[in-house]
Structure formats: C-alpha cells, structure tokens
Engineer: 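Submitted below is the structure of interest, expressed as structure tokens.
Quick caveat, the model's predicted, so the values are computed rather than measured. Side chains included, hydrogens not; waters and symmetry mates left out as well; all remaining heavy atoms used. Per chain, numbering begins at 1; letters A, B, ... match sequence-line order.
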Amino acid sequence: MDWALLLDKTILIVIIFAVSLGIAAYSTYGERKIAAFLQDRLGPDRAGPFGLLQPIADGVKMFTKEEIIPNASDKFLFIVGPCIFMMTALMTSAIIPWGKSFNFGGHEFGLQVADLNVGLLYLFAVVSIGGYGIMIGGWASNNKFALLGALRAASQMISYELAMGMSIVALLLINNSLSLREIVDGQAGDGNVWNVVRQPIGFLIFLICAFAECNRAPFDLPESESELIGGYHTEFSSMKLGLFLFAEYINMFISSAIIASLYFGGYHFPGIDSLDLPQNIAAIVSIAVLFAKILFFIFFFMWVRWTLPRFRYDQLMNLGWKILIPLSIVNVLVTGAWITFFK
Amino acid sequence: MSLYLFLTLAILTIISALAVVFSKNPMYSVLWLIVCFFTIAGHYVLLNAQFLAIVHLIVYAGAIMVLFLFVVMLLNLNADTEPHKSNLSKIASAIAAGLFFVVLIASIRATALGEFNLPNKTNIGFVEEVGKKLFTDFLLPFEISSVLFLSAMIGSVLLAKKEKK
C-alpha cells in the first residue's frame, strides 16, 4: 500500500465530507429562502445578517432537543435506520470526479476518490441500499404511519430504479464506458457535445427518477404530511430526525452532481481547453464550473418542490411503470439503432 | 494483505450466515442475510470480479432483499400466530438435515484441497470481458435465460390481473 496515495485519499475524503455536509446545511437555508421568494415572503432573517446563521441555529436545536425513543420500538434498529440512510447518502460521493487534478511540485493530486470501472453500477448499488435506512427506520418505529411511509418509500424506489437503469443503459451505449471520469471526459474536446444534447429523453427520464429516488416533491409520498403525519420519520426526534432530513439534502447535492457529470459535461465547459490555463488554475476553474452546475440543479430541485403539487400514489405508480419504463426501453432501442446505422 | 482481507471477510460471512439462522426475529434474519451478501460481494472483489460483485449487490442485496423485507414487514410475526409444528415433522426435518450434513462432509472430504492462487491482475471479471463472453461463447444460454425471465414477468402480470376480477 502506497502511503502517499492513502494520505491523498484520506485528505480528499475528509474535504468531500465536509463540503457535502456544508452544502447540505446551507441547502436548508437556501430552500427556505427560495420557498419564501416563490411565496412572496421574506424567509428566515433573524439569525445573523440575512439569516445566514440559521443552519447553525437549526443544528444546535437538533442536537440539544430531547431524545425520545418510543417504548414499543425496536431500539437497536431505531438507531441504525437513520445511520444507514446517512451513510449511503455520503457513500455515493466516492465516484464523482470533482475536477481536474492538481499538481503540487510534481505530486499529482487527483480529485476523485475511486475511478471504478463499474462506477455507474456502484452508484446503483448504493442507491438501492439507501432504501433500507428508510425501511428499517419506519418499521422499527412500530407506528402504522411510519410503516406505511416506509413501504411507500421502498416500492417507489424499486419502481423508479428500473427506469433510471434503462436511461443509463442508453447513456452507456453512447459513451462506451461505465467509469464516470471517462463519461465526463467524453463530453469535452472537439466534436463532442454534452450528453443532454445526445440523450434528451434519457436525461428527462433520469431527472424524474432522481426526484423520485430522493423522495423530493412532487414525489415525496413517503413523508406526505397531509396523509401520513411525517411518514417514516414520524417517531423520530432530535438528531436522529436531523440525520434523516440532512441526508435528504445530501442526496439532493449528490444527485445534482451526478446529473451534472452524466449529462452536462461535469467539470468541463465549452472552450475550457482553448484558454490554456496553468494546471492548478485549470483545476480550480473546473471545480468552480462543476459547483456552479450543481448549485443550479439544487436550485432546480427546490424550484420544482415549491411549484408543483404532490402526486397521488396511483399516479406515481402509473407514471413510473406505464410511462417512464416503456419510454426508457424505446429510448434504448432508438439509441441502439442510431449507433448501429449512423456510426 | 489479501490473505488477511480474505480471512476477515470469511469469518464475517460465516458469522452473518449463522446469525441468519439463529436470529429469533425474522426481521433480523433478513438484515443479517443482507450483511452476508455484502461479505460475499467482498469475496468477489478479492477475486477481481468487480462486475459480479456489484451486480450481486444490486440484484440480491438491493432488489430481492427489499422484497423480502417488504413481506416480513407486512406479516404480523409473533409467538401467538406462529404455526405449531407436530413432532413428526420435527423428526423428519432433523433426519433430512442430518443426511444433508453427512453428504456435505463427505463431499468436502472427497475434494482435493490443493494450492489456490488468486488470479493476479486479470481482467476476466471486468464488464467488457464478461460482456464479450456472454455474447460469443454463451450466447444461446444467455438468450434462453432471457426468455425464461420474460415468461416469469408475463406470468406475474397474469397472476396480478386475475386477482382483480
């Protein structure tokens, strides 16, 4: 084992965790501000200038609130559930290429934790495990609303994983690789365009499925407060509730990063190579470009949440099984035919 | 390095597999089975079969076990509703399990445990290689199994439709 490599990766992982948590914290602030803007209100403005300290106040509140574990619950699983949900939310960040590599006096510092040659499949494995956190948490609460929320979450995740997988298959046919870095690099340079141009329908399917996998509105059926109180996290309090809510924002951040990497050129922008920047500057610029795209998609997630009403459960299932899956299969066929006959 | 990894994984696999059987609560059995699948995926990675490992996680740990968990959640499993088994079936199952155990031990004794070397730096388990093998040497079995899956899918749709009437 190479110690320099180990040190590099450890530093990178710590930075990515810190950034993910920081962005997730400020997404809560962003969400409330955007909601306020869309509803013609002011939003949080008490803590600090423009309410900028609001996430810290919320964090302190979550940590110091009374911890309640229901008597009838399964105590071990009740604690494990939110932990698994948080862990899987953070695990996906390992395969995302965050930018071009730095060069510190001859030492190459890459900005991707693991360039797996099964990168995209790893993403799917982690996403499919993510549902366990909700299911375990909901079941362990021993509350019928929590159980219903957990069941909804599980069936929703299974249903939309299929269409998501098929839309990725079409992407794979075009890029000839499962590695995220190769997919990102395949969208830059001469004659290459962003995948969203080559796969508009695939992108649309992937985007809708990402909303459903993140349990975000208009697909937030697992926690729809008007019918299920709080869904799977009804019984949770204090920081365990905080973990569930926080992990949702991390999921949103990571899926924005993945959408940006898969369909919008990742850390590239048209003409980045013609600027001829020194390597370290180019690395910083590439990170900035990726984060600009990520922030746009986080904004998009919030924009949709505060604009569209929630689906009914049968509508959700109809959309998943009867529209998205056939559409994604047709998309794969068309892409395959296009590659066979025109390339 | 890889020997220690293997030993850790192997011990974890055995512990979790035993825990599946010995857990009183079926919910815990399912969760231990998921842990067991994870450790087996670890073995695949050690054998350089990354594709198999990931697909194992997606299909077994991800999809199938979610369905198991679903069923266990919906069943009301506690001591009162548990069906009582007669002594006859207990004896029969003990004999069957004992016979299976004897066969297992006999087959392990009969296997020649030679030296086994991990394939070093082969790409045999990568997506490209697996895909090429599947679509050249094993094309017919591959296509036949896809027909099997299709018929299973149609069958389940048919069953679901029948229930409605």
Engineer: Just by distance, do the side chain of A:Glu248 and the backbone of A:Cys214 share a donor-acceptor pair under 3.5 Å?
Structural biologist: no

Engineer: So, does A:Gln199 use its side chain to make a donor-acceptor pair with the main chain of A:Tyr263 at under 3.5 Å?
Structural biologist: no

Engineer: If you measure from CG on B:Leu33 to OH on B:Tyr28, what distance do you get to the nearest 0.5 Å?
Structural biologist: 16.0 Å

Engineer: Using a 4.5 angstrom heavy-atom cutoff, name the option from B:Val59, B:Leu67, B:Leu31, B:Val55 with the most pairs to chain A.
Structural biologist: B:Leu31

Engineer: Can you tell which part of A:Leu121 gets under 4.5 Å to a heavy atom of chain B, answering side chain, backbone, both or neither?
Structural biologist: both

Engineer: For the pair A:Glu213 (side chain) and A:Glu161 (backbone), establish whether a donor and an acceptor sit closer than 3.5 Å, ignoring hydrogens and angles.
Structural biologist: yes

Engineer: Under the 3.5 angstrom rule, does the side chain of B:Tyr44 hit a backbone N or O of B:Phe51 as a donor-acceptor pair?
Structural biologist: no

Engineer: Which answer fits A:Leu151, side chain, backbone, both or neither, if we ask what part of it has an atom under 4.5 Å from a heavy atom of chain B?
Structural biologist: both

Engineer: Can you tell me which of B:Val66, B:Leu69, B:Leu57 forms the most heavy-atom pairs within a distance under 4.5 Å of chain A?
Structural biologist: B:Val66

Engineer: Is it the backbone or the side chain of B:Phe37 that comes under 4.5 Å from a heavy atom of chain A, or both, or neither?
Structural biologist: neither

